[in-house]
Amino acid sequence: MSQRVFSGIQPSGTLHLGNYLGAIKNWVNLQDKHESVFCIVDLHAITALQNPEELRKKTLEMAKIYLAAGIDPEKSTIFVQSHVPEHAELAWILNTITKISELERMTQFKDKSSENKQNINAGLFNYPVLMAADILLYDTNLVPVGEDQLQHVEIARTLARRFNSTFGETFVIPEPSIVKEGMRIMGLDDPMKKMSKSAPSEYNYIALTDSPEKIREKIKRAVTDSGRQIKYSDDQPAIKNLLNIYALLDNARPAEIASAYRGKGYAEFKKDLAEIVVGFLEPFQKRYNSIDDQDVLQTLEDGKEKAKKMAGEKMGAVREKMGLA
Ligand code: TYM
């Protein structure tokens, strides 16, 4: 039976291969089987101070990335979070059933507030509640995300159950959807930390906009393990990570790739991996550059209408159940 899929990405920072392999690639597969809704979460992005012009530009760029990656507006709904005010409204309501202690446990809040001590705002603290609102407004069954968002999907499940038991059956309980090899793509400069757009060095990540020369240079410089062999194992986390990237882009299994390189050196493996990445990103960037801004704006306008209809119906039920209407 077809299920509803919902996911989103913040229009801030540089989108990297981790975002693509952990989330967007999975979305593209899911949209063929399920009714899918993909959001650009600008209200989440403003939990860090944004330049307004820059935010508007990044929002449009993110929509283009979705399209260039293969999200098809004929199959999926693509829209901007702030265009549908029900997200903020439901977030407020869910805040009233969220315990402060639940939010204090969120590792992303702890990480983000320690990275940016000058701006530990209430929005950053309540961020998972807004994410729960995003998910619950659309009767979502599946939430395709990377591992770092699992704790947030878990709180969405908790809030859905709590609301249902307090006010009556209203929300679907969502499940995360994870691709094992892609759920946690690690930094190229440090295989113990996830690839991240806020990493201090650009050698941590491959941006979706990197040129072929840059990609080759970054992969050449990627750290490797002290062993000599190419094998898919937890005691070689750097090579394991590179094998995951290779396998996901080549639609193969990491262990198969590893056995194809048995007896070969890291240099040869990295050279081939660089060509696999270039072979994916070059056509991706061509598609990205050929997308017309006016078409994207129209796609977002159409998406807004579709999303408003779904979200409006759900909010009507929520207000009714709570005595707000
Ligand atoms: P964001 O914008 O930080 O990241 C977008 C997606 O990329 C995944 N990801 C990774 N996956 C694998 N390896 C990595 N190194 C890596 N880095 C990032 C993230 O897990 C995510 O799936 N709060 C969310 C956005 C959001 C959302 C939602 C997601 C808002 N509302 C509702 C799903 C449903 C976020 O900040 O993701």
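When a ligand or atom number is given, it counts from 1 through the structure's own listing order. Position 1 is the first residue of the sequence, and the numbers go up from there.
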### Message
Can you confirm whether Phe109 sits close enough to Leu103 that some side-chain heavy atom of one is under 4.5 Å from a side-chain heavy atom of the other?
### Response
no

### Message
Using 30° and 60° as the class boundaries, would you call the ring planes of Tyr138 and His87 parallel, tilted or perpendicular?
### Response
tilted

### Message
Using side-chain heavy atoms (C-beta onward) and a distance below 4.5 Å, is Ile40 in contact with Tyr66?
### Response
yes

### Query
If you group Ile, Leu, Val, Met, Phe, Trp and Tyr by side-chain heavy-atom gaps below 4.5 Å, do Phe284 and Tyr205 land in one group?
yes

### Query
Is the closest side-chain heavy-atom distance between Ile100 and Phe125 below 4.5 Å?
yes

## Note on the structure
Sorted by chain and residue number, the residues with a non-hydrogen atom under 4.0 Å of ligand 1 are Phe6, Ser7, Gly8, Ile9, Gln10, His16, Gly18, Asn19, Gly22, Ala23, Val41, His44, Tyr127, Met131, Asp134, Ile135, Val143, Val145, Gly146, Asp148, Gln149, Gly182, Met183, Arg184, Ile185, Lys194, Met195, Lys197

### Message
Quick one: does any side-chain atom of Lys58 pair with a main-chain N or O of Pro11 as donor and acceptor, under 3.5 Å?
### Response
no

